[in-house]
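First comes the structure, then the notes that go with it.
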Amino acid sequence: MALSFCGNDRGSNAYSVDKGVLDNGCFVDALNLVPHVFLLFITFPILFIGWGSQSSKVQIHHNTWLHFPGHNLRWILTFTLLFVHVCEIAEGIVSNTWSNHLHLFLPALMGFIAATTSVVYYHNIETANFPKLLLALFIYWILAFITKMIKLWKFAEASLGVQYLRFCITALLVVLYGLLMAVEINVIRVRKYVFFANPQRVKPPEDLQDLGVRFLQPFVNLLSKATYWWMNPLIIGAHKRPIELKKIGKLPIAMRALTNYIRLKDSYDEQRKSPSIWKSMYRAFGGPILLSSTFRYMADLLGFAGPLCISGIVEHLHNSTEIDRTNKTANMTFGVFFMSSTELLKNTSVLAVLLFLALVLQRTFLQASYYVTIETGINLRGAMIYNKILRLSTSNMSMGEMTLGQINNLVAIETNQLMWFLFLCPNLWAMPVQIIMGVILLYYLLGDSALIGAGVILLLAPVQYLIATKLADTQKSTLDYSTDRLKKTTEILKGIKLLKLYAWENIFCDRVEETRGKELTSLKTFALYTSMSIFMNAAIPIAAVLATFVTHAYIEEVRLSPAKAFASLALFHILVTPLFLLSTVVRFAVKALVSVQKLSEFLQSDEIGDDSWRNGEMYMSLELVRAKMKRSYHVHSALCWFVSIILNPMVFVCIGEWVIQVNDGFFTWGSNLSTLTDINIRIPTGQLTMIVGQVGCGKSSLLLAMLGEMQTISGKVYWSTSLRTLSADVKNRYSVAYAAQKSWLLNATCLIGVCVLEILQGINLSGGQRQRICVARALYQNTNIVFLDDPFSALDIHLSDHLMQEGILKFLQDDKRTLVLVTHKLQYLIHADWIIAMKDGSVLREGTLKDIQTHDVELYEHWKTLMNRQDQELEKETEMESQTTLERKTLRRAFYSREAKNQIDDEDEEEEVEEDDDDNMSTTTSRRSKIQWKMCCRYLSSGGFLMVFLMVSSKLAKHSVMVAIDYWLAAWTSSNPHNQSLIAQVTCHFILKLSFLGVLQHRSYVPVFIILCGAAIALCLITSLTVEFLGVAAATNLHHNLLNKIIHAPIRFFDVTPLGQILNRFSADTNIIDQHIPPTLESLTRSTLLCLSAIGVIAFVTPAFLIALVPLAVAFYFIQKYFRVASKDLQDLDDSTQLPLLCHFSETAEGLTTIRAFRHEARFKQRMLELTDTNNTAYLFLSAANRWLEVRTDYLGAVIVLTAAVAAIWSTSQSGLVGLGLTYALTVTNYLNWVVRNLADLEVQMAAVKKVNSFLSTESENYEGSMDVSQVPEDWPQHGEIKIHDLCVRYDTMLKPVLKHVNAHINPGQKVGICGRTGSGKSSLSLAFFNMVDVFEGKIVIDGIDICKLPLQTLRSRLSIILQDPVLFSGSIRLNLDPERTCTDDRLWEALEIAQLKNIVKALPGGLDAVVTEGGENFSVGQRQLFCLARAFVRKSSILIMDEATASIDMATENILQKVVMTAFADRTVVTIAHRVHTILTADLVIVMKRGSIMEYGKPEILMEQEDGLFASFVKADM
């Protein structure tokens, strides 16, 4: 039929204008074409040619500057206009049934193109900032409005009302064009770009002028916001080059932690009485939450369009959509047919397009809702508690009201709980609406039987909640066991050297395995509940469908149609989702209530007083300070984040030569009892003041009281104004350099000279090293006042003396600084200018040493006795320079051994290759984008072949049965007496032979339907159980193998592998394997099989769908390919930025007093804000990347639905099968993005398996030996004779020998001393006795047996050793002495008596079963070393090795140790590695070593006679 604009009906007078030009419908439609053609004619040249030379000269870094008024409204109106044009096109095509009236839809089509062009044109003009070109749009809206008004007027004149669809569409277009015209007028009014003499000048926002701001979601247009188009460069670019922190830049100002903190603070402060966090949250962030909820409502309501459209398509598929011409005459006006909206919705093609548009809109709104809630949650988290911590009263922590752990939990857990609650809270009010709507629609479709199905779902909802609660409880108990296991593992790794030397590694390994067993029991319970949760989620819709359709078959007289059946099926799937989420949301709501309660208590806790008396208001009553400590959320103004507090000098009281004075001070830590009473002290200016007294007398408290950290009962403090005039240089006169008694460090690098220490980043420091850094920090601060709280406590006598002479007396005194020193070292009192003696919380005596000598002779004599005792401990001729050099060398050696190891990437070791930059980049990219299938296979094989087979077979069976259920439903609903073709298909031609086929009853399908549903429910249970328990089996095997590999690794492995790296395998990586991989694996397999079965069913119903599937599959491949790489990078960034934040918070909470003393609050706040913003940036980009993926996969799913619907409409398939295909197409939309998300998650999680697997390839020590245990005498070594023949030893085959051709003979019972400088090979020789190092030449023979041939367990269990560092394990004293439990109590008590510990242990509750805390911290270092001696004696070996056992203990303990060794071990061979040479002067034999060789060998008396010998020089240096 020939095309004709006005139609080619015979006898019609389409071009007649007899009744007037405007009474010709075709002419009016032609008139409507004019504005659209005008716009295209004007805008296309501008769009293609460009206007670069005329654009604004304003420099902005992002092409996203949206500054025209009504921007968002314009986009919304344009999208609405496009939708109305689609409806107009559809109405025109459908009503044009018997002739080609092009004027019915061509103007609408041109209108659609013009509307699209208008928004593209507008976007380009806006970003180029050239508003004058908007005049073209203004003219277009006016012309379009006029032409549509003419058309509407003519319809009204012809008495065509709202009952006709074309009239409604035209009216809507008039309104939309009018509104768009109004928007354009508003732009002219505001910007004044035409008709005004002075156009408005605009400046881009600060964020868009900042190159660092890369998060553009707030600045892009509505379309880019909805589709996350602005993320394209980042996600596509990630495939070529990894995403780094520099690449994601900074957050916009409105999203930064400071902005959100101020917003929340203002909301909190507005509530004068009983402030509530909930109200504050609502006032600060209520707007975005309401917006998110609105989006969620719209998405949920649009979700019901899917089932309804499916119902309409299936129902009308085989009905004639052609409108009977005989019924049209009444509706003919202007020579064309006018139809109602119901007639349009009977057209299946229209329904297919509507279904597509509804899905696109629904998914867009849903993702928008997710994004807004996530952004709000992150903003809330960033604003919550970081300022309060720096105002927290010290008494809260000292009195135990608030522990460091609790404060850290507020950041790590409580704020995250609130954030997650915000993510889920729109569900709280959206779910009831969704459930009610679902039940109403089901009732509309199925009647009373629908209520039965809905009842099943509602009845099972409490069960889901119960399971969710049990899951949370089980997870908590699993965490407790996991913490306990990690604690024991850490102890093993820290004491691995001792465990190997004593052959106890298997015993302690069994302790860990025992705890792991409890953890696994809890994990199995967790797996069971998780399985039940997954099972309920999968089985409930099946049970509901079964109950509904079976009930319908027996109680309803009307047969079930395919349209109703499959619409109901889709509705049941929609209905299950909110009920499944309900349990999660309720659980998080309960957690959020608890978290808010904890946060409220924290925010209302006591704060420190106002310290303006240190700012410049030098005279302030401490009573006033105490009065200002109130329970409120007190915070500084916003400027406090960036600048130090502005000085405000007020009244000064000059107190002469005293810098600080306290009068009648009574101080407390929070209880009613005074900690310090009647304090009257003065601190002289520019002099050294020492505070002395017994332990617990209040010396440290006095310092903190002066710093304002304690609560004050009464009294006054004065800070002198002389601080203002004391130094005219750059010194900070308002801060105090303070070194706390408990050393506090940040993770950093520093180099210090005076304190004898060079610190290298990454090395774990000893207590003494930490103390020296803290002292150095105080010394080097540019302040007039220095407070040192017992700086010598962790230092030995030599370092203490050096620090006193060089650091305090020279460095500080020469600079005339005021120094307050708390100390126990009374020998330094002679250097003090002023002394404050304390006793029981009050000042006993104050004055110079001469004053005290004169006025309190008894106290002075007591001090003199103690001073003489301490002086005896100071060795005379110690070369501090050599000690410093040795210490530096040791630190460097430790550093470089780790650094060398760190250069080898432990995660990609087997894949690392050296290539050029470009080649290497492409290699890295291909590696990053690859799923680690090898690791997947490794994980699955750890779970066991049987479990893998059960999982795969049950999954396949379950999805096959699910398809069978729906296929049977299609057959059931399509069956009727007149058409048996589908029944014949389903029953495989078997029923065809039966003579009674025609009378086959409707209910005969029910039994098979029940059997299939029952089988599906059973398979749901089996699949959920197999996946979870496969995970438990894999976790069990991987941890067991890892622990055994690590525990039996050679000692060299622990020297070169950082402890943190090993612990990470047992903590973070094990946690991922235990709890994260199984649910990810289950979700991935379920989503993948659902999508594959859906595509299979659609292809079976309509094979033509396969043609469209190819481009869709290509698009999906590229989407997932780019996303997975970007997601992994962003996930890594999120993880790596979270740890510094938590560490900084923990460090801040721990060092509050130091930070406040130094007046560095502003600096720490600023650093905290930066870390918060950095972490939030990474998290927001990760969230935006997830939305980017989900929008694209959702749109792909919508295209699949549209393709399936169109293919079904064009095919000749049965209506039941069409319903089946469309229902499955809807599921693809839900699960497509989960396939990619789970793939990305699994890829990240498999890295944990890879890391664990890299340790499983570690070589173990050779525990077997060449001799059988039976060949070794039970009492070996009987005598203790040691022969060393030409011994050569190295730590690794790649390293040089540390012992070279050593020969020695030690007779039974001899006491042998081995000495030499650091690195001479002393300790290496002691390790060689235990075969801990590689003996590659020579041998050691003990009592006639070559130790290299012995099984390691046998050799090490027969020798004893005492190490330099005493190692105790948490548990009991019995466990530490005899973990094998082979000794009697009498023998243990005997060992303790020999070690002079019997009385101490007897005094403890439990005696031998008394508790030993982690690391033996409840005993002193000396006592711990004595326990190690008792441990060695318990073994009663004939050979004892002492490896510098006295190096870290005091002289008194050393004397005890030497005495015990000489008596208790009189008949045994004792080999002593000496640190202090005088300890081996009484030995029978001395061996002097240098660079791995024996230089001198003989009796000590003979060696001392050689004046130029090494040993003689050592003795002289040690005298």
Side-chain angles (χ1 to χ4, degrees), residues 242 482 485-486 489-490 492-493 496 509 512 516 519-520 523 762 898-913 923-924 926-943 1030-1050 1052-1081 1124-1125 1127-1139 1239-1260:
S482 180
R485 169 183 60 78
L486 196 60
T489 307
T490 307
I492 286 181
L493 294 173
I496 191 69
C509 182
V512 175
R516 176 65 175 171
E519 185 186 5
L520 285 171
L523 264 179
R898 283 162 172 78
E899 186 179 57
K901 175 64 182 172
N902 288 341
Q903 285 171 355
I904 302 167
D905 184 4
D906 69 295
E907 297 176 24
D908 293 311
E909 197 169 337
E910 71 272 6
E911 295 178 351
E912 202 67 50
V913 282
T923 308
T924 308
S926 64
R927 253 188 234 140
R928 283 162 65 234
S929 60
K930 198 186 294 178
I931 287 262
Q932 301 169 11
W933 296 114
K934 186 179 175 184
M935 287 304 108
C936 286
C937 294
R938 179 78 183 84
Y939 176 80
L940 292 172
S941 63
S942 300
L1030 167 72
V1032 172
T1036 305
N1037 291 329
L1038 284 170
H1039 181 273
H1040 175 77
N1041 295 339
L1042 176 67
L1043 183 63
N1044 278 282
K1045 271 290 179 185
I1046 297 290
I1047 223 81
H1048 295 117
R1052 174 69 183 162
F1053 171 80
F1054 300 97
D1055 291 338
V1056 298
T1057 311
L1059 177 66
Q1061 192 177 326
I1062 303 172
L1063 279 174
N1064 216 30
R1065 304 294 167 268
F1066 287 101
S1067 55
D1069 294 334
T1070 299
N1071 181 51
I1072 287 170
I1073 292 167
D1074 284 354
Q1075 296 192 24
H1076 293 188
I1077 293 180
T1080 306
L1081 190 64
R1124 277 184 17 235
V1125 176
S1127 174
K1128 188 174 187 299
D1129 288 350
L1130 290 169
Q1131 185 75 57
D1132 291 344
L1133 281 180
D1134 180 45
D1135 294 340
S1136 64
T1137 54
Q1138 193 172 26
L1139 189 61
L1239 267 176
D1241 288 346
L1242 193 67
E1243 188 172 11
V1244 173
Q1245 289 161 8
M1246 278 298 156
V1249 180
K1250 188 173 185 178
K1251 290 175 190 174
V1252 168
N1253 196 51
S1254 68
F1255 274 28
L1256 293 180
S1257 57
T1258 307
E1259 287 187 19
S1260 299

- Message: Can you give me the closest heavy-atom contact between Gly943 and Ala1033, atom names plus distance?
- Response: O-CB, 3.5 Å
- Backbone N or O of His1040 within a donor-acceptor pair of the Asn1044 side chain at under 3.5 Å? yes
- Phe1066: ring pair (Phe, Tyr, Trp, His ring centres under 6.0 Å) partners, not counting sequence neighbours: His1039
- Those residues that, when tested against Ser942, pass side-chain hydrogen bond (donor to acceptor under 3.5 Å, both in side chains) (two or more places apart): Arg938
- Task: May I have the step-by-step check of side-chain contact (heavy atoms from CB on, under 4.5 Å) for Leu940 and Leu1081, ending in yes or no?
- Result: CA-CA 10 Å; Leu940 292 172; Leu1081 190 64; 4.1 Å; yes
- Message: Under the rule for side-chain contact (heavy atoms from CB on, under 4.5 Å), what residues qualify as partners of Ala1049, not counting sequence neighbours?
- Response: Phe1053, Phe1054, Thr1258
- Look at Lys1128 together with Glu1243 and state whether they make a salt bridge at an N to O cut-off of under 4.0 Å. no
- Item | Smallest separation among heavy atoms of Ile1077 and Val1249, with atom names | CD1-CG2, 3.7 Å
- Task: Rounded to the nearest 0.5 Å, what's the gap from CZ on Arg1124 to CG on Leu1239? Could you check?
- Result: 5.5 Å
- With sequence neighbours excluded, what pairs up with Asp1134 under the side-chain hydrogen bond (donor to acceptor under 3.5 Å, both in side chains) test? Asn1175
- Query: So do Glu1259 and Pro1050 actually touch side chain to side chain, heavy atoms under 4.5 Å?
  - Reply: no
- Task: Apply the test side-chain contact (heavy atoms from CB on, under 4.5 Å) to residues Ile1046 and Leu493: give CA-CA distance (whole Å), side-chain angles for both, the deciding distance (0.1 Å), then the verdict.
- Result: CA-CA 9 Å; Ile1046 297 290; Leu493 294 173; 3.7 Å; yes
- Task: With sequence neighbours left out, write down each residue that passes salt bridge (Lys or Arg N to Asp or Glu O under 4.0 Å) with Asp1135, or none if nothing qualifies.
- Result: none
- Message: So, applying side chain to side chain contact (heavy atoms under 4.5 Å, CB included) with Ile492, which one of Thr490, Thr489, Ile496 is it?
- Response: Ile496
- Note on the structure: Smallest heavy-atom separation, Pro242 atom then Asp1129 atom, equals CA-OD2, 3.4 Å
- Item | With Ser1260 via side-chain contact (heavy atoms from CB on, under 4.5 Å) - residues at least two apart | Lys1045, His1048
- Mind checking side-chain hydrogen bond (donor to acceptor under 3.5 Å, both in side chains) for Thr1080 and listing every partner two or more places apart, or none if nothing turns up? Gln1245
- Check whether any side-chain heavy atom of Leu1038 lies under 4.5 Å from a side-chain heavy atom of Leu1256, and answer yes or no. yes
- Query: Can you name the side-chain hydrogen bond (donor to acceptor under 3.5 Å, both in side chains) partners of Asp1132, sequence neighbours left out?
  - Reply: none
- Query: Looking only at heavy atoms, what is the nearest atom pair of Ile1073 and Val1252, with distance?
  - Reply: CD1-CG2, 3.9 Å
- Item | Minimum heavy-atom distance Cys509-Leu1043, with the two atoms named | SG-CD2, 3.6 Å
- Which pairs with one or both residues in residues 1067-1080 pass salt bridge (Lys or Arg N to Asp or Glu O under 4.0 Å), sequence neighbours excluded? Arg516-Asp1074, Arg1065-Asp1069
- Note on the structure: Here the gap from Asn1064 atom CG to Gln1061 atom CD, rounded to the nearest 0.5 Å, amounts to 8.0 Å
